[in-house]
Amino acid sequence: MVTPARRRMLAVPFFPSFMSDHADEKNAAEDPAAAEGPRHTEGKPMTDLERIRHSAAHILATAILRVWPEAQFAAGPPVENGFYYDVELPHRISPADFERIEAEMKKETKANNVFQRVEVSRDEAMALAEKGALASLGERPGSPSKFKLDIVQNIPADEKITLYRNGDFTDLCAGPHVGRTGNVGAFKLTHVSSTYYKGDEKNPQLQRIYGTAFKNRTQLDEYFAMLEESKKRDHRKLGKELELFTFDEDVGPGLAMWLPRGTAIIEELEKLAKETEFAAGYERVRTPNLARENMYLTSGHIPMYADSMFPPMDFGKREADDRIKELESQLYGTQPPGQSVRLQTEIEELRKASAVTSDRYYLKAMNCPHHHKLFGAVPRSYRDLPLRLAEYGTCHRYEQSGELFGLMRVRSMQMNDAHIYCTEAQFEAEFNAVNEMYLKYFKIFGIEKYRMRFSTHDPSKLGEIFLNEPELWKKTEDMVRNVLIKSDIDYIEVPNEAAFYGPKIDVQVWSIIGREFTLATNQVDFGVPAKFGLKYKTRENTEETPLCIHRAPLGTHERFIGFLIEHYAGNFPLWLSPEQVRVLPIGDEEPLVDYGKAIVNELRASGVRATLDAGTDPIKAKIASAEQMKVHTMLVVGNRDLEAGNVSVRVHGKGNLGAKPRGEVIADLLASIKERRA
RNA sequence: GCCAACGUAGCACAGCGGUAGUGCAGCUGAUUCGUAAUCAGCAGGUCAUGGGUUCGAAUCCCAUCGUUGGCUCCA
């Protein structure tokens, strides 16, 4: 269901890639999501930096051909942080080869060759490709430039075909480029990965060589320094350093375990969610972590999404299997032929029966079916609507091993879920209220860099991947769009990306290393409640099926906290801080330690996460270790403070704020926590 | 799942065919101090796991597991 454009978005989040090779322009033209953001087109020239990077891609191809003349190239565009070129080559390029390739690239930039634009006819381009002369240093008889050949064939008839030359190297390319190879001032190859031609696994597998390039060395160095800085706030690194969560091979990949410090954050988020949802008229429910297969047959998740679910536990089948095994072992030991025939018959019958008697349970991958069952458990009247059922439900999804990524992509997740059952008349107000809730949360966390993606259906796929309810699609999409427009939210509309049961809004954010994630989701469902036979009595005493809104403004704990760690660089505001206050007595003499203990006890009695460092380390060392763990507030207490009934306040990132009366400081802390100050 | 790289003490890393190392953290002492690290001692490892090559493997080869970067996927 992911379009090519979406894929590119994932790879290059901040600015959609400015694909410029013919192949990519063609994709962009066809691409329903092309309206998603700025994109290179005829009327919108590349920036200077993109020209440099696009040119660097050609220089990379030139260099690779000098080392491996048989290389076949596909596409080589600039991307957000650099460029790549896809190459087919028997030799597996590894980072060990980079030095050699970069040396050849250096020769090409030193030579300062002109990038020469040549317009050719389609026949000329085809002829060159067949002679192997495109993306090549010259003709290569017997090995046509096969990918370029394919690309030429796909260029629309009315489009001009151009080549670019630098030195011996000629490439099929729409340009533009810098004037000379020497204008690529500084470059570096960064990594290599694999890809399929045009992203389709049926196509040949290519090696994608990534690099980056800048106008000059200084900018390149700054870029890598910035990358180093970013790595410091990577949630995986901070999570380890701050002892927030951990993964364990024996527990399983993608199964995060929360240490006490991370759990403290979870508790705060749940407290926030529960308060907010309670005030907004939600009711809390609890459901088990698994359910029988039948429920997921009803919901349509099997077979549609069975691949993404953990395989089932099959109890009935296991009993049958045990009996079959037992009979089989008897079978091997039997001599009289009659006996063995009897056993074989029994085994076969058991096998047939096991298909029927099997009793399969699945770990839940989503909470909706359980909540639908709760809606259906009690007779409902229009007076009960809207009914808002909320649960921090634990879901399990069997994500592909290669997709797992720290806390951002896991296999077990705790979701800030709720389902709102309402009438069509109530829908717009409810959807709007959900939206307001999102914005309220984002304000609390100071989340500013996000994008709302409004996913709609594709009318040509009704009855296939979208429920065949043209009226309802139109109606709900209009309502959602209205809400977005009325609340003046910046959003992008993406056709063909809706859920099968209705349109949705996803909130997209980016991890510090640039990967895009859906942080939160708000979905309309006009399909599944009917499958569950959910009804309510109307004022006219007729039966209606409710609409359902699935919403998860705080997403999952895993992803949301992963995001928050990076958002705050581990420097959480007081209310979220795993260790809110640490009291640091100067020395470990009894009266001081007792004073510190009293302060800690007073804070803990008010629910503040406070600890005491009663160690014998010098005060500087105590401060250093508290700072290292990013403890929000440090209260230094020495004899001066003890005598005056003061504490000396030090705040992480702000330094020493001086001595203040103990009562005043505690009151301030409590107020800051209560108000969830930034 | 696919391609590639990487797995050495709790953490960060060195060693890359010849008896496992450093720093921080930890523990035990001493130190009793005013805002980012006091000193000393001790302890900690089947070098991810399993196989192979070799007189000898952390080091070379193969497989498995895990992590990472991409690809694919993402209800």
Side-chain angles (χ1 to χ4, degrees), chain A residues 1-2 6-7 10-11 84 86 92-96 190-203 205-210 234 236-237 240-241 243 246-254 296 299-302 304-309 364-369 395 397-406 408-409 465 497-502 504 506 513-518 521 523 525 528 550 559 584-589 592-593 615-628 634-641 648-652 654-659:
Chain A
M1 279 228 268
V2 173
R6 172 86 185 279
R7 259 181 257 125
L10 295 172
Y84 67 77
D86 286 345
R92 289 262 161 225
I93 294 177
S94 83
T190 51
H191 53 281
V192 57
S193 73
S194 95
T195 182
Y196 294 99
Y197 181 54
K198 291 183 173 172
D200 186 339
E201 63 183 317
K202 283 178 227 109
N203 287 335
Q205 192 158 39
L206 307 173
Q207 304 184 62
R208 178 168 291 180
I209 319 295
Y210 281 92
D234 188 314
R236 293 167 296 185
K237 182 175 160 66
K240 204 174 266 179
E241 287 171 0
E243 296 176 12
T246 187
F247 290 92
D248 187 288
E249 223 177 288
D250 288 339
V251 174
Y296 297 111
S299 69
H301 287 106
I302 297 170
M304 220 165 179
Y305 301 109
D307 281 354
S308 316
M309 294 173 76
K364 72 177 171 190
M366 68 299 292
N367 301 301
C368 11
C395 297
R397 297 181 184 181
Y398 195 77
E399 304 288 1
Q400 292 184 47
S401 58
E403 262 312 309
L404 300 174
F405 175 62
M408 304 303 257
R409 197 73 182 271
I465 59 171
E497 297 253 331
F500 72 92
Y501 45 68
K504 64 174 180 177
D506 289 325
I513 64 162
R515 271 202 220 175
E516 183 179 9
F517 288 95
T518 300
T521 183
Q523 312 183 349
D525 180 349
V528 185
H550 305 236
R559 192 174 283 180
L584 312 174
I586 300 172
D588 69 341
E589 277 168 359
L592 268 181
V593 170
T616 65
D617 280 339
I619 189 63
K620 284 188 179 214
K622 288 187 181 182
I623 288 170
S625 64
E627 288 281 359
Q628 211 161 35
M634 289 147 275
L635 300 179
V636 176
V637 291
N639 285 318
R640 266 190 341 238
D641 302 291
S648 295
V649 182
R650 181 188 169 96
V651 172
H652 176 65
K654 290 196 183 140
N656 187 4
L657 302 183

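All figures in this text were calculated on a predicted structure; none of them were measured in a lab. Each chain gets a letter, A, B and so on, in the order its sequence line appears, and its residues count up from 1.
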| said: Please report the interatomic distance CZ(F247(A)) to CZ(R236(A)), rounded to the nearest 0.5 Å. | reply: 10.0 Å
| Out of C11(B), A75(B), G34(B), which nucleotide sits closest to the side chain of K240(A)? | C11(B)
| query | Any idea how F500(A) and H301(A) line up, ring-wise: parallel (<30°), tilted (30 to 60°), or perpendicular (>60°)? | reply | perpendicular
| query | Taking atom types as they are modelled, is there a donor-acceptor pair under 3.5 Å from the base of A36(B) to the side chain of R650(A)? | reply | yes
| said: Tell me which nucleotide, if any, is Watson-Crick or G-U wobble paired with G41(B) when both distances must be under 3.5 Å. | reply: C27(B)
| said: How many whole angstroms separate atom OH of Y210(A) from atom C1' of A4(B)? | reply: 13 Å
| field | Donor-acceptor pair under 3.5 Å, R397(A) side chain vs C73(B) base | value | no
| field | Any N/O donor-acceptor pair, Q207(A) side-chain to A4(B) base, under 3.5 Å | value | no
| R208(A) side chain, from C-beta outward: closest of G34(B), C33(B), C71(B) | C71(B)
| said: Counting only side-chain heavy atoms from C-beta out, which of G34(B), A75(B), C3(B) sits nearest to A365(A)? | reply: A75(B)
| Protein-nucleotide distance (K620(A), atom NZ; G34(B), atom P), rounded to Å | 8 Å
| note | Note: for E249(A) and A621(A) on RNA chain B, the residue whose nearest nucleotide lies more 5' is A621(A)
| query | Does the pair Y296(A) and M366(A) meet the rule for a side-chain contact (heavy atoms from CB on, under 4.5 Å), with working shown? | reply | CA-CA 10 Å; Y296(A) 297 111; M366(A) 68 299 292; 4.0 Å; yes
| task | Tell whether S648(A) reaches the base of U35(B) with its side chain through a donor-acceptor pair below 3.5 angstrom. | result | yes
| request: Name the closest nucleotide to the F405(A) side chain, picking from G34(B), G69(B), G66(B). | output: G69(B)
| Is the backbone N or O of M408(A) less than 3.5 Å from a side-chain atom of R559(A), with the two atoms forming a donor-acceptor pair by type? | yes
| field | d(CZ, R236(A); P, G7(B)) in whole Å | value | 17 Å
| field | Separation between NZ of K198(A) and CG of D86(A), rounded to the nearest 0.5 Å | value | 12.5 Å
| Nearest-0.5 Å distance, CD of residue E516(A) to OG1 of residue T518(A) | 7.0 Å
| task | Please step through side-chain contact (heavy atoms from CB on, under 4.5 Å) for the pair Y196(A) and Q205(A), ending with a clear verdict. | result | CA-CA 4 Å; Y196(A) 294 99; Q205(A) 192 158 39; 3.6 Å; yes
| request: For G45(B) versus G15(B), give the span between their C1' atoms, rounded off to a whole number of Å. | output: 14 Å
| message | What's the gap between U19(B) and A58(B) when it is taken at their C1' atoms, as a whole Å value? | response | 13 Å
| With no angle test and no hydrogens, is the base of C74(B) tied to the side chain of R409(A) by a donor-acceptor pair under 3.5 Å? | yes
| message | Using only modelled atom types and a 3.5 angstrom limit, is any donor from either the side chain of S193(A) or the base of G69(B) paired with an acceptor on the other? | response | no
| Rounding to the closest angstrom, what is the interatomic distance between C55(B) and A43(B) at atom C1'? | 35 Å
| field | Rounded distance (Å) that lies between atom P of C3(B) and atom OH of Y197(A) | value | 22 Å
| Quick one: the side chain of N639(A) and the base of G34(B), do they pair up donor-acceptor inside 3.5 Å? | no
| request: Grab the CG-P distance between D641(A) and U35(B) for me, whole Å please. | output: 12 Å
| request: Sticking with atom C1', work out how far A30(B) lies from G21(B), rounded to a whole angstrom. | output: 28 Å
| query | Roughly how far apart, to the nearest Å, are U22(B) and G44(B) at atom P? | reply | 13 Å
| message | How many whole angstroms separate atom CD of Q205(A) from atom C1' of G1(B)? | response | 12 Å
| field | Rounded distance (Å) that lies between atom C1' of U38(B) and atom NZ of K622(A) | value | 13 Å
| Of the nucleotides C73(B), U67(B), A75(B), which one has an atom closest to the side chain of Q400(A)? | C73(B)
| task | Can you figure out which of G1(B), U35(B), C71(B) approaches the side chain of S401(A) most closely? | result | G1(B)
| said: From the set U38(B), A36(B), G69(B), return the single nucleotide nearest to any side-chain atom of H191(A). | reply: G69(B)
| task | Could you measure between the two P atoms, the one in C11(B) and the one in G1(B), and give it in whole Å? | result | 25 Å
| said: Distance check, rounded to the nearest 0.5 Å: I586(A) atom CD1 versus I623(A) atom CD1? | reply: 7.5 Å
| Expressed in whole Å, how much space separates the P atoms belonging to C24(B) and A20(B)? | 24 Å
| If you take atom types as modelled and just measure distance, does the side chain of S194(A) reach the base of G70(B) with a donor-acceptor pair under 3.5 Å? | yes
| U59(B) pairs with, by Watson-Crick or G-U criteria that keep both distances under 3.5 Å | none
| query | Between M309(A) and I586(A), who's closer to the 5' end of RNA chain B by nearest nucleotide? | reply | I586(A)
| request: Have a look at S625(A) and say if it touches a base, only the backbone sugar-phosphate, or nothing, with a 4.0 Å heavy-atom cut-off. | output: nothing
| Rounded distance in Å - CD (E243(A)) to C1' (G26(B)) | 12 Å
| task | Both distances under 3.5 Å, Watson-Crick or G-U wobble: report the partner of G7(B), or none. | result | C65(B)
| task | Measure from the side chain of P253(A), starting at C-beta and using heavy atoms only, and say which of A75(B), G66(B), C2(B) lies closest. | result | G66(B)
